[in-house]
Amino acid sequence: MKNTIDNRQVARLLEETADLMEIDGADSFRVRSYRRAAETAQQTTVELAATETAELLAIPGIGKGMAANIRAITETGTFPQREELLARYGAGLLELLKLPGMGPKTVALLWDAAKVATIDQLAAAIAEGRLNGLPRMGEKQIAKLSKGIEDYRRGAGRFRIDAAEQEAARLVAYLSSFDGIDRVTPAGSLRRGRETVGDLDLLATGPACEPGSTEAAVEHVAAYADIRDIIAKGENKISFHTREGLQVDVRLLPGSSYGAALQYFTGSKAHNVALRQRALKMGLTLSEWSLARLDDESVVAAATEEEIYAALDLKWIPPEMRESLGEIELAARGELPLLIGLNDLRGDLHMHTTASDGRNSIREMAEAAVARGLGYIAITDHTKALAMANGLDEKRALEHMARIREVDSEMEGRIRVFAGIEVDIMGDGSLDLDDEVLAQLDVVIASVHSRFEQPREEMTARVIRAIENPNVDILGHPTGRLLLRREPYDLDMGAVIRRAAELGVALEMNAAPERLDLCDRDLRLAKELGAKVVISTDAHSIAGVGRMEYGVSQLRRAWLSAGDVLNTREAEGFVAGLRRRA
DNA sequence: GCCGTTTTCGGCCCGACTGTTTTCAGTCG
């Protein structure tokens with residue numbers, strides 16, 4: 001693997017520069033062009049470092065200036081504009097922007113007036129009362145910042161599952177390319193499907209990983225191009241940070257204890273403790289090396305997880321369930337639920353097109369869904385309250401609906417295309433589209449978009465009023481949670497889920513990795529109360545259609561089966577009901 | 001900074017909401 005700058009690093013540098021430019025008060029359209037270029041770098045399939053300048057210029061959104069910037073980045077790792085801004089402001093300001101309520105103007109204000117350049121300095125400035133009296137810095141604003149700092153520090157260091165998985169995939173490919181490494185498996189919270197991971201655990205096995213002969217393999221790991229610094233390097237383990245800041249632990253293991261190690265490093269800690277207690281009661285001891293007899297230390301099982309669980313009189317437990325929430329008892333009784341899998345899903349009920357803020361047409365989305373083997377989709381563009389997303393008003397919504405129905409018939413039964421919409425829940429709980437229009441659509445998703453701090457009771461009442469509208473079928477991102485950035489809305493999800501169950505309104509598990517709105521606790525409650533759940537992608541382009549793997553992990557973590565989810569093979573009656581308004 | 005021209009500069013997604021304003025700036029989506 002060559003030591004080159006890849007597209008996502010180009011994207012990150014452009015994005016950071018856009019942030020700094022905003023703090024610097026640069027022209028907003030100029031800033032937007034940097035953001036657009038960053039997005040393009042992220043999305044494009046061509047490798048920018050290996051692309052001629054003439055070809056760069058052919059990419060929409062990349063002109064002369066940006067092509068020069070990209071060239072500089074791929075050749076030198078940075079570019080003049082960024083260096084200039086970093087020299088003036090420092091990188092700490094970029095972190096400040098991550099606090100909720102902190103935008104470029106506030107960062108600039110705090111920098112100018114209080115010389116605040118990092119989160120630590122902000123915390124100190126608040127403690128010393130140096131923010132008091134600054135423009136737009138009232139009591140509430142300062143309290144909000146304090147809470148933001150607290151939340152940020154708690155979430156710091158965790159990475160979203162999709163980012164961790166992409167890094168894992170790159171590392172697996174790199175490690176597997178080494179002669180003598182046969183198999184590489186991610187363990188830890190990534191394998192358990194958690195929405196964020198603290199560090200990446202990779203287990204490698206093969207001839208080069210056997211005790212006493214690991215030196216060459218360790219050196220191979222240490223030569224990985226994306227390493228920022230090496231934390232520790234031993235005979236069987238090497239730990240490092242990637243350039244993105246993710247900590248990675250690679251362990252080289254003998255094949256004979258691969259199962260024990262995989263079990264041990266997958267966790268969770270609580271599950272492992274419970275499992276070891278069970279082993280002890282059976283006269284066995286479980287470690288990362290093996291399951292062995294207590295009396296004569298003879299190995300009972302070690303090579304595969306299945307053998308280990310079987311030797312403990314347990315069915316193999318899916319990693320997503322390993323949180324010590326009763327799964328061991330169920331496995332002992334042979335009563336583990338059959339968890340939902342990707343293959344159970346039949347339809348994707350939430351997606352956007354060029355009519356609002358999507359990047360592809362209805363037809364293109366439908367074809368992408370056919371390619372992914374789906375039986376039906378619903379097109380659900382935004383409504384007018386999301387003006388920035390070019391949301392639809394009543395007139396456009398009806399025209400769009402007619403066009404969706406045309407495409408549905410053009411597809412000639414290869415797939416069903418339903419006409420839906422994603423309405424915005426307003427501050428008072430009303431929906432931002434007339435009921436007469438909503439009543440003509442097949443699927444109505446109600447979502448909270450604008451973020452503001454309402455007291456818990458009002459927020460809850462607002463969402464409940466919205467789903468009481470008889471036209472609403474699905475409650476979309478109800479918590480508005482964006483991982484690593486902010487807390488969920490202060491919302492009584494228990495009350496919302498209870499009401500949704502009574503009304504028959506389904507709860508959406510938004511599978512987009514930056515969303516994953518419903519946490520496993522919410523999903524468990526939904527199952528308990530008999531509330532319907534759907535999983536969908538919120539796809540904004542053909543790349544996102546049907547990509548539900550991260551969301552499915554969350555459903556599995558909540559022990560849901562295909563029968564608990566509406567858009568599966570088990571619930572075809574649901575589809576029949578969708579066309580009620582046609 | 002990009003684009004598309006009405007070829008050489010002007011347009012480029014804007015509405016809801018909060019807090020601190022006494023009429024609106026800043027953030028978010």
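Just so we're on the same page: letters track the sequence lines, and every chain starts at 1. What you see is a predicted model, and the numbers here were worked out from it, not measured in a lab. All heavy atoms count here, side chains included; hydrogens, waters and symmetry mates do not.
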Side-chain contact check for A:R136: nearest option of B:dG26, B:dC2, B:dT27 is B:dG26
Below 30° counts as parallel, above 60° as perpendicular, anything between as tilted: where do the rings of A:Y34 and A:F79 land? parallel
Just how far, in rounded Å, is P of B:dC14 from CZ of A:R396? 12 Å
Closest listed nucleotide, where the reference is the side chain of A:P104 and the choices are B:dT27, B:dG15, B:dG1: B:dT27
Closer to the 5' end of DNA chain B via nearest nucleotide, is it A:I142 or A:Q81? A:Q81
Selected nucleotide, minimal atom distance to A:Q141 side chain, candidates B:dT20, B:dC12, B:dG26: B:dT20
Would you tabulate the side-chain donor-acceptor contacts of residues 48-61 of chain A under 3.5 Å, counting partners in other chains and residues two or more places apart, or write 'none'?
from: A:T51; atom 1: OG1; to: A:E47; atom 2: O; distance (Å): 2.6
from: A:T53; atom 1: OG1; to: A:R71; atom 2: NH1; distance (Å): 3.3

Measure the distance from CE on A:M21 to P on B:dG1 and round it to the nearest whole Å. 6 Å
Glycosidic torsion of B:dT8 (syn if within 90° of 0, anti otherwise) classifies it as syn
Expressed in whole Å, how much space separates the C1' atoms belonging to B:dT21 and B:dT27? 16 Å
Across the strands shown, which category fits A:E139 at heavy-atom distances under 4.0 angstrom: base, sugar-phosphate, nothing? sugar-phosphate
With rounding to the closest Å, how many angstrom separate the C1' atoms on B:dC12 and B:dT5? 14 Å
Would you tabulate the nitrogen or oxygen pairs shorter than 3.5 Å linking the protein to nucleotides 4-6 of chain B?
none

Please work out if A:K64 contacts a base, only the sugar-phosphate, or nothing of the nucleic acid, heavy-atom cut-off 4.0 Å. sugar-phosphate
Below the 4.0 Å mark, does B:dT27 have OP1 or OP2 next to a side-chain nitrogen or oxygen of A:T106? yes
Nearest whole angstrom, please: distance from the P of B:dT21 to the CG of A:L134. 11 Å
Start at the 5' end of DNA chain B and walk down; is the nucleotide closest to A:M137 or to A:K105 reached first? A:M137
Considering every strand and a 4.0 Å limit on heavy-atom distances, what is the contact class for A:D357: base, sugar-phosphate, or nothing? nothing
Residues in side chain to side chain donor-acceptor pair (under 3.5 Å) contact with A:Q81, at least two apart in sequence or another chain: none
Atom-pair distance (CG on A:D424; C1' on B:dG15), nearest Å: 10 Å
A:D226/A:R243 ion pair, N-O < 4.0 Å: yes
Could you measure between the two P atoms, the one in B:dT18 and the one in B:dC13, and give it in whole Å? 27 Å
Can you measure A:I62 atom CD1 to B:dG1 atom C1' for me and round it to whole angstrom units? 11 Å
Just checking A:R36: base, sugar-phosphate only, or nothing, at a heavy-atom cut-off of under 4.0 Å? nothing
How far does the C1' atom of B:dG11 sit from the matching atom of B:dA16, given to the nearest Å? 25 Å
With a 4.5 Å cut-off on side-chain heavy atoms, are A:R557 and A:L523 touching? no
C1' atoms of B:dC9 and B:dC14, separation to the nearest Å: 24 Å
Counting only side-chain heavy atoms from C-beta out, which of B:dC12, B:dG1, B:dT20 sits nearest to A:K140? B:dT20
Proximal nucleotide (of B:dC13, B:dT27, B:dG1) relative to the A:N390 side chain: B:dC13
Between A:L145 (CG) and B:dG19 (P), how many Å, whole number? 12 Å
Which of the following nucleotides, B:dT27, B:dG1, B:dC17, is nearest to the side chain of A:M426? B:dC17
At their closest point, which heavy atom of A:D424 faces which heavy atom of A:S447, and how far apart are they? OD1-O, 3.1 Å
Mind telling me if B:dT5 is syn or anti? Syn here is a glycosidic angle within 90° of 0. anti
How far does the C1' atom of B:dC2 sit from the matching atom of B:dT8, given to the nearest Å? 14 Å
Tell me which nucleotide, if any, is Watson-Crick or G-U wobble paired with B:dC2 when both distances must be under 3.5 Å. B:dG11
Mind checking whether A:W111 and A:Y89 have parallel, tilted or perpendicular rings, split at 30° and 60°? perpendicular
Salt-bridge test for A:R498 and A:E502: reply yes if a basic N is under 4.0 Å from a carboxylate O, no otherwise. no
Interatomic distance at P, B:dC17 relative to B:dT23, whole Å: 23 Å
Do the side chains of A:R35 and A:E15 get close enough for a salt bridge, i.e. N-O under 4.0 angstrom? yes
Whole Å only: how far is the CD atom of A:E39 from the P atom of B:dC13? 14 Å
Tell me whether A:D442 is salt-bridged to A:R416, with the criterion being a basic N under 4.0 Å from an acidic carboxylate O. no
Rounded to the Å, how far apart are A:I70 CD1 and B:dC2 C1'? 12 Å
